[in-house]
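One structure below.
Any value given below was found using the heavy atoms of this structure, including those in side chains, with hydrogens, waters and symmetry copies removed. Throughout, a chain's letter reflects where its sequence line sits, starting with A, and its residues are numbered from 1.
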Number of protein chains: 2
Amino acid sequence: MTDPAPTLRDVAEAAGVHTATASRALNPKTRQQISAETARRVMRAAQALGYQPNSAARSLKTSRSGTVGLVIPDLTNPLFPPIVRGVESVLEAGGYNVWIVNTDNDEERERAQIESLRSRQVEGLIVATARLDHPLLRRLHERGVTMVLINRQVEHARIPAVTGDDATGVAAAVHHLAELGHVRIAHLSGPLTTSTGRVRARAFRHAARDHGLPGDLVVECAHWSEADGAAAMRELLGRSPDLTAVVAGNDLIALGCYDVFAERGLSCPGDVSVIGFNDMPFLDKLRPPLTTVAVPHHELGAEAARMLLDCIGQPDRPARSLLLPVSLVVRGSTAPPRVS
Amino acid sequence: MTDPAPTLRDVAEAAGVHTATASRALNPKTRQQISAETARRVMRAAQALGYQPNSAARSLKTSRSGTVGLVIPDLTNPLFPPIVRGVESVLEAGGYNVWIVNTDNDEERERAQIESLRSRQVEGLIVATARLDHPLLRRLHERGVTMVLINRQVEHARIPAVTGDDATGVAAAVHHLAELGHVRIAHLSGPLTTSTGRVRARAFRHAARDHGLPGDLVVECAHWSEADGAAAMRELLGRSPDLTAVVAGNDLIALGCYDVFAERGLSCPGDVSVIGFNDMPFLDKLRPPLTTVAVPHHELGAEAARMLLDCIGQPDRPARSLLLPVSLVVRGSTAPPRVS
DNA sequence: TTGTATGCGTTATCAA
DNA sequence: TTGATAACGCATACAA
C-alpha cells in the first residue's frame with residue numbers, strides 16, 4: 001500500500017472533533033455515548049477518507065488480536081481445505097479471523113510457523129499436525145496456550161481434540177470386506193507416529209480378529225501420500241501375493257494402490273478390492289470409483305472452532321474430546337473375491 | 001493464549017539492560033552495535049523466558065506489517081491450493097507472511113475481507129477473484145494499493161497480472177480435436193464476466209474459424225463448477241445433439257459433462273470427446289482419464305509473488321503482465337468421432 | 001456529550 | 001556501546 005493511510009486523527013480533524021470522540025463514534029459499542037449528529041459527521045468523514053482502523057494499534061491497545069492460528073501440514077492435500085472452511089465459518093461468525101500456516105510435516109518449519117503465530121498474538125491455535133510424541137505441542141499446552149487438535153491426539157497431554165470415529169470406520173470397512181467373502185485382508189496403515197495411523201491400525205487388528213481373520217497383514221506407509229501408499233503396496237504384494245483386499249489408511253494411500261495395479265496389470269476390484277478413508281472429492285469419478293469411509297471434514301473444522309471458542313471463553317474448562325461419526329461409502333472398488 | 005506473554009521489558013530486566021539495548025541485541029541488523037557479551041546475555045534471557053516480539057507493536061512502530069493478503073474465491077476448488085503454496089514459497093523467502101481469505105465469489109464478502117486485510121496493513125494484495133468489471137479493485141488500484149492479479153484481469157485498469165496462456169491452450173485443444181476428425185465441436189465457457197472465461201471463449205471462436213469449423217456452439221456456465229457445467233451440457237445437448245466434442249472452460253465443468261454422460265448413458269470418448277482446462281490433481285485416475293490443458297499453478301502463484309515483491313520495492317514501476325506457457329495433456333477422454 | 005491524558009510494546013533518534 | 005526519550009495509532013479512565 002503506497003498512500004499514507006488516513007488515521008483516526010485525520011478523521012477527527014475532518015469531522016472537527018477530538019480523536020476520542022471519533023473513536024467512540026466509529027465503534028458501535030460506544031456510539032451511543034455520542035450525539036447522533038456528531039456520530040453521523042464522523043462516520044461520513046471516515047467514509048470519505050476511506051479510513052480503516054489500524055488493527056495493529058487496536059490490538060496493541062486492547063491486547064486482543066481477534067485472530068486464531070490454524071496449523072495444517074499441506075493445503076494441497078484435499079483433506080484440508082474443507083477443514084479450513086469449516087473452521088473459518090464458525091470463527092468468522094464469532095468475530096475472529098483465521099491465519100493459516102503450512103508446516104509440510106517439517107518440525108523446524110512447524111516451530112517457526114507457530115512462533116510466528118504467537119508473535120502475532122493469536123488467541124488460540126487449531127492444530128491438525130499433531131503427532132503422538134509432540135514435545136512442542138506439549139510445551140505450548142503447559143505454557144497455557146489455548147488450542148484444539150483436529151484429527152489427531154498427543155500422548156501424555158490432555159489437549160481438547162475433535163476427530164472422526166476412526167475405529168468404527170475401519171471396523172465397518174473390514175466388516176464390508178468380510179461380508180463380501182474376503183479372508184486375506186491387508187491394511188496399509190498411515191505413519192504410526194500419528195494417532196490417526198495408530199488408531200486405524202489397531203482398529204484393523206481388532207476388527208480382523210472379530211471376524212476370525214488374520215490381523216497381521218499390516219504395512220506402514222512412511223507418509224499419508226500416494227507415493228508411499230504405492231511403495232507399501234508393492235512391499236505387501238511381495239510379502240503376501242495371495243491377498244484379495246486392502247483397507248488403506250486414507251484415500252491417497254488407496255490411490256497409490258491404484259498405481260501399483262496399473263503397473264502390474266492387476267484389476268480392481270477383480271483381483272484386489274480396496275477401501276480408502278476420508279472420501280475426498282471426486283473419488284466417485286475414479287476408475288474404479290473408490291469405496292471409502294466418509295469423514296465430515298467441514299464439520300470437523302467447525303466443531304474444533306466451536307471448541308476453541310469455548311476454551312477461549314472459559315480457560316479453565318477441562319479438556320474434552322469430540323468423536324464425530326463416519327460412514328462407509330460403498331462404490332466400485334470392492335467386490336467379492338475371485339474364486340480361484 | 002492465557003499466560004501474560006513476556007515483553008521486551010521483561011527480557012531487558014532479566015538481562016539487566018535497558019529495553020533499547022535488548023531490542024538492539026535481539027534484532028540481527030542492529031546486533032553489531034552491541035557488545036558480544038551483552039548480546040549473548042539478552043538472547044539467553046529471551047530464550048529462557050520464551051520471549052516472542054509482539055508484532056502488533058513492531059508493526060505500529062515501523063509501519064511495516066511484513067504481511068501480504070491473498071484473495072481467492074474458494075480454497076476447496078483444487079485450483080487454488082497450489083497457487084497458494086506458490087505464493088507462499090516466494091513471499092516467505094522474501095520475509096513476508098501471507099494472509100489468505102476466501103470470498104466465495106460474493107462481492108460483499110470480498111469487500112469485507114479486503115477491508116479487513118487493509119486494516120491489517122498488508123503491504124500488498126494478490127487477487128485471484130478479479131472480474132472484468134470490478135469497481136472495487138479499480139478503486140483500490142487508483143488509491144495506490146499495491147496488487148497483482150492471478151489468472152484474471154480487470155478492464156480499464158492497468159494492474160499487473162500473471163496468467164496462463166489461455167488462448168494458446170484453447171487453440172491446442174481445438175487443434176487436437178480437429179486432428180482427430182471432429183467437426184461439431186462445442187465450448188462450455190466459464191462466466192463471461194471473468195477475463196478467463198471471455199479469453200477462452202474468444203480463443204475458441206478463433207481456433208474454430210482457423211480450422212474451418214463452426215464457432216457458434218458456445219454455452220456459458222454461470223460458475224466454474226461441476227453443477228453449472230452439467231447444466232450447460234444439458235442445454236448444449238438439447239440444442240445441438242449432433243456434437244461430438246466439447247472443450248470445457250475448466251476441469252470442473254468437464255466433470256459436469258461426465259455427470260451428464262452418466263445420466264444419459266453416453267460414452268466418453270465413444271460418443272463425445274471432452275477436454276478440460278487446468279489439469280487439477282487426480283484427473284489421470286478418472287474414468288476416462290481427462291484430457292486437459294495443464295496450467296502451472298504453483299508457478300503462477302510464485303510469479304505473482306515475485307511481481308508483487310517487485311512492485312513493493314519500486315512502487316512507480318509500470319504495470320507488467322506475465323503470460324505463462326500451458327500445455328495440452330492428452331489422456332483418455334478424447335478419441336476420433338464415431339463414424340455414423 | 002465531549003475533551004484530556006495515558007499507555008499498550010516496540011524501535012528510532014538523540015545524548016551520554 | 002548503552003541509556004533516556006519519544007512516537008507509532010488507538011481506546012479508555014477520568015475530568016469537564
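The side chain of Thr19(B) contributes no N or O atom lying less than 4.0 Å from OP1 or OP2 of dT11(C). Distances shown here put a side-chain N or O of Arg58(A) below 4.0 Å from the OP1 or OP2 atom of dA11(D). Proximity of Thr38(A) to the phosphate of dT1(C): no side-chain N or O atom is located under 4.0 Å from OP1 or OP2. For the pair Ser23(A) and dC10(D), the criterion of a side-chain N or O lying under 4.0 Å from OP1 or OP2 is not met. Phosphate contact (OP1/OP2 of dG3(D), side-chain N/O of Thr21(B), threshold under 4.0 Å): present.
Among dG9(D), dT10(C), dG3(C), the nucleotide with an atom closest to any side-chain atom of Pro53(B) is dT10(C). In this structure, the nucleotide among dT2(D), dA11(D), dG3(D) sitting nearest to the side chain of Ile34(B) is dT2(D). Minimum atom distance to the side chain of Asn54(B) is reached by dG9(C), of the listed dT2(C), dG9(C), dC8(C). Looking at the side chain of Tyr51(A), the nearest of the listed nucleotides dA13(D), dC10(D), dA12(C) is dC10(D).
Looking at heavy-atom distances under 4.0 Å, Ser35(A) makes contact with sugar-phosphate atoms alone, never a base. If you check every strand for non-hydrogen atoms under 4.0 Å, Leu8(B) touches a base. Among the heavy atoms of the strands lying under 4.0 Å from Thr7(B) are primed sugar atoms or P, OP1, OP2 only; no base atom is included. Nucleic acid contact class of Ser59(B) (heavy atoms, under 4.0 Å, all strands): none. Within the nucleic acid shown, Thr30(A) has no heavy atom closer than 4.0 Å to any nucleic acid atom.
Summarising the geometry, the separation between NE2 on His18(A) and P on dA16(D) is reported as 15 Å, rounded to the nearest angstrom. As a whole-Å value, the separation of Glu37(B) CD from dT2(D) C1' is 14 Å. One interatomic measurement links the two molecules: CZ of Arg64(A) to P of dA11(D), which rounds to 13 Å at whole-angstrom precision. Atom P of nucleotide dT12(D) and atom CD of Gln32(A) are separated by 13 Å, given to the nearest angstrom. What separates CG of Asn27(A) from C1' of dC10(D) is a distance of 11 Å, to the nearest Å. Going from atom CZ of Arg31(A) over to atom P of dA11(D) covers 12 Å, rounded to whole Å. In this structure, Gln33(A) atom CD and dT12(D) atom P are separated by 10 Å, rounded to whole Å. Per the geometry, CG belonging to Leu60(B) stands 13 Å off P belonging to dC8(C), to the nearest Å.
Comparing Ala57(B) and Gly16(B) against DNA chain D, the residue whose closest nucleotide sits nearer the 5' end is Gly16(B).
Using a 4.0 Å cut-off between a side-chain N of Lys or Arg and a carboxylate O of Asp or Glu, Glu142(B) and Arg139(B) do not qualify as a salt bridge. Note on Glu303(B) versus Arg306(B): salt bridge recorded, some NZ/NE/NH1/NH2 to OD/OE distance being below 4.0 Å. The residues Glu88(B) and Arg85(B) are annotated as salt-bridged, a charged nitrogen and a carboxylate oxygen being separated by less than 4.0 angstrom.
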Under the criterion side chain to side chain contact (heavy atoms under 4.5 Å, CB included), I'd like the reasoning laid out for Gln113(B) against Glu92(A): C-alpha separation, chi angles, the key distance, then a yes or no.
CA-CA 11 Å; Gln113(B) 295 282 31; Glu92(A) 282 178 16; 3.7 Å; yes
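When only modelled atom types and interatomic distance are considered, Arg58(A) and Ser119(B) share no side-chain donor-acceptor pair under 3.5 Å.
The shortest side-chain heavy-atom distance between Asn102(A) and Ile72(A) falls under the 4.5 Å cut-off.
The base of dG7(C) sits within donor-acceptor range of the side chain of Lys61(A), with an N or O pair under 3.5 Å.
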